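One structure below.
Small disclaimer: the values here were computed from a predicted structure and weren't measured.
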Amino acid sequence: LNQISITPKREKFVDFSSPYYTASQGVLVSKDSDLVGITSLDELKDATIGVQIGTTAFDSVEADIDPTNQPKVFDNSNDVVSAFKQDQVDAIVVDLPQAIYLRDAGVAPNSVVAGQFEAPGGDEWGALLGKDSELTACVDQAIQSLEEDGTLAEITNQWMSDSANAPQLD
């Protein structure tokens, strides 16, 4: 499974399984940034924020942060991270799991997840299948089984809640 957000626009062209995870947005900043220790989204208003075009992170920045400066928009996540490493942006906003990965895998060295916030309407992830796939019902059933036996909650708690170490930003 990959981090694929279920959106109405995407659903016109592909099938999604039932959601298996709802991701918050993560705010990644440099360890020596003045943004370390923020407690609210208002504290990001004057920051230069980097985001990838066409993502739920971009929508979240505009809807929830409404920054003073237009966010710097990049074609792909590699360009967002490069801009961060070159101090072209003060912060980047990505799905929380991606922020954790960038921090922990050393892709964005000397970074911290300053906080997390809910995406507009929730950023639900689902398995991506071809439009009108015969497998969609089977994948839905497998996800439902994992939900019912508590496996999805265990995975989420272990790998997202406990390891995130990112305060909720209001």
Would you say [X] has more than 12 foreign heavy atoms packed within less than 6.0 Å of its [atom1]?
X      : atom1 : value
Glu148 : CD    : yes
Gln88  : CD    : yes
Gln86  : CD    : yes
Asp75  : CG    : no

Calculate, to the nearest 0.5 Å, the distance between atoms [atom1] and [atom2] belonging to [X] and [Y] respectively.
X      : Y      : atom1 : atom2 : answer
Ser24  : Leu96  : OG    : CG    : 6.0 Å
Leu35  : Leu44  : CG    : CG    : 6.0 Å
Ser33  : Asn110 : OG    : CG    : 12.5 Å
Gln141 : Ser18  : CD    : OG    : 10.5 Å

> For Asn69, what residues pass the side-chain contact (heavy atoms from CB on, under 4.5 Å) criterion, not counting sequence neighbours?
Replying inline: Thr48

Please report the closest heavy-atom contact between [X] and [Y], naming both atoms and the distance.
X      : Y      : answer
Glu124 : Pro19  : OE1-CG, 3.6 Å
Gly26  : Ala99  : CA-CB, 4.3 Å
Ser133 : Asp15  : N-OD2, 3.0 Å
Pro109 : Gly106 : CD-O, 3.4 Å
Lys131 : Glu11  : NZ-O, 2.8 Å
Ser5   : Thr56  : OG-OG1, 3.8 Å

> Taking Gln116 for the side chain and Gln168 for the main chain, is one N or O donor matched with an acceptor at less than 3.5 Å?
Replying inline: no

> Does Lys45 offer a backbone N or O that forms a donor-acceptor pair with the side chain of Thr68 under 3.5 Å?
Replying inline: yes

>> Using the ring pair (Phe, Tyr, Trp, His ring centres under 6.0 Å) criterion, which residues pair with Phe16? Sequence neighbours excluded.
In response: none

Determine whether the side chains of [X] and [Y] contain a donor N or O and an acceptor N or O closer than 3.5 Å.
X      : Y     : value
Asp140 : Ser17 : no
Thr39  : Glu43 : yes
Ser40  : Asp42 : no
Gln25  : Asp95 : yes

>> Tell me which pairs pass ring pair (Phe, Tyr, Trp, His ring centres under 6.0 Å) where either residue lies in residues 21-77, with sequence neighbours left out.
In response: Tyr21-Trp125

> Do Val27 and Val29 have side-chain heavy atoms sitting under 4.5 Å apart?
Replying inline: yes

